[in-house]
Amino acid sequence: MLFMKGTPDSPRCGFSSKVVNALREEGVSFGSFDILSDEEVRQGLKVYSNWPTFPQLYYKGELIGGCDIVLELRNNRELKSTLSE
Ligand SMILES: N[C@@H](CCC(=O)N[C@@H](CS)C(=O)NCC(=O)O)C(=O)O
Ligand code: FES
């Protein structure tokens, strides 16, 4: 599940766009939520996960990370395996 700015087909920030591209390139299917549509979710998730920025990628209810971490996993060829454990 990706909490992002905008939607996968219409991202509203480059960081969110990069994560969408990485997931699509790996053939990972994912749900998404546009945090720009809900200020309460936007601020609440930062507290919930102790992570101050978006995008936030979750797998099985746990935060995997943001743009930097997702791209690092992809570059290390670990993204797909991380999201299928
Ligand atoms: N280094 C971050 C880049 C993401 C980032 O800096 N996001 C900012 C600008 S889009 C953010 O979400 N700020 C808080 C907010 O907009 O609520 C990452 O790896 O995800
Ligand atoms: S919205 Fe400006 S950097 Fe993401």
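Fair warning: this is a prediction, and the values are worked out from it, not measured in the lab. As the structure lists them, so they are numbered: ligands from 1, and atoms in each ligand from 1. Nothing fancy with the numbering, it's 1 onward along the sequence.
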(request) Give a yes or no on whether Tyr48 and Met4 share a hydrophobic cluster (residues Ile, Leu, Val, Met, Phe, Trp, Tyr; joining criterion: side-chain heavy atoms under 4.5 Å apart). (result)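 Shared cluster, yes.
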(message) Please determine whether residues Leu63 and Phe15 belong to a single hydrophobic cluster, defined as Ile, Leu, Val, Met, Phe, Trp and Tyr linked transitively by side-chain heavy-atom distances below 4.5 Å.
(response)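 No; tracing contacts between hydrophobic side chains, which count when under 4.5 Å, never links both residues.
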Show every donor-acceptor pair shorter than 3.5 Å between a side-chain atom in residues 64-77 and any protein atom, with sequence neighbours excluded, or say none if there are none.
from: Arg74; atom 1: NH1; to: Glu25; atom 2: OE1; distance (Å): 3.0
from: Asn75; atom 1: ND2; to: Leu71; atom 2: O; distance (Å): 3.3
from: Asn76; atom 1: ND2; to: Glu72; atom 2: O; distance (Å): 3.4

(message) Give me the atom names and distance for the closest heavy-atom approach of Trp51 to Gln56.
(response)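 Smallest heavy-atom distance, with atoms named: O-NE2, 3.2 Å.
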(request) Give yes or no for whether the N/O distance cutoff of 3.5 Å, strictly under, is met between Trp51 and ligand 1. (result)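 Between Trp51 and ligand 1 (N or O atoms, distance only) the closest approach is not under 3.5 Å.
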(request) Anything protein N/O/S under 2.8 Å from atom 4 (Fe) of ligand 2? Just list residue and atom, please. (result)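 Near atom 4 (Fe) of ligand 2, the protein supplies Cys13 SG.
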Where is the nearest protein heavy atom to [atom]: which residue, which atom, and how far?
atom: atom 1 (N) of ligand 1; answer: Asp68 OD2, 3.1 Å
atom: atom 10 (S) of ligand 1; answer: Lys5 NZ, 3.1 Å
atom: atom 13 (N) of ligand 1; answer: Thr53 CG2, 4.0 Å
atom: atom 20 (O) of ligand 1; answer: Cys67 N, 2.8 Å
atom: atom 4 (C) of ligand 1; answer: Phe54 O, 3.3 Å

(request) Using a strict cut-off of 4.0 Å, indicate which atoms of ligand 1 neighbour a heavy atom of Gly66. (result)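 Reading through ligand 1 atom by atom, the close ones are 19 (O), 20 (O).
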(request) Could you list the atoms of ligand 1 found under 4.0 angstrom from a heavy atom of Pro52? (result)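 Those of ligand 1 that fall under 4.0 Å from Pro52 are 14 (C).
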(message) Within the structure, is a non-hydrogen atom of Lys46 found at a distance of less than 4.0 Å from ligand 1?
(response)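 For ligand 1, residue contact (heavy atoms, under 4.0 Å) with Lys46 is present.
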(request) Using a 4.0 Å heavy-atom threshold (strictly under), name the region of Cys13 that reaches ligand 1: side chain, backbone, both or neither. (result)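 Only the side chain of Cys13 comes within reach of ligand 1.
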Just wondering, more than 12 heavy atoms not from [X] lying within 6.0 Å of its [atom1]?
X: Lys46; atom1: NZ; value: yes
X: Glu39; atom1: CD; value: yes
X: Arg12; atom1: CZ; value: no

(request) Answer whether the closest heavy-atom distance between the side chains of Leu23 and Leu79 falls below 4.5 Å. (result)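 Yes, close enough: below the 4.5 Å cut-off.
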(message) Are the side chains of Phe54 and Leu45 in contact, using a 4.5 Å heavy-atom criterion?
(response)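 Yes, their side chains come closer than 4.5 Å.
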(request) Please answer whether the main-chain N or O of Phe3 pairs with a side-chain N or O of Tyr58 as donor and acceptor at a distance below 3.5 Å. (result)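 Side chain of Tyr58 to backbone of Phe3: no pair is present.
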(request) Decide side chain to side chain contact (heavy atoms under 4.5 Å, CB included) for Phe33 and Asp38; before the verdict, give the C-alpha distance in whole Å, the side-chain angles of both, and the deciding distance to 0.1 Å. (result) CA-CA 9 Å; Phe33 183 85; Asp38 191 324; 3.9 Å; yes
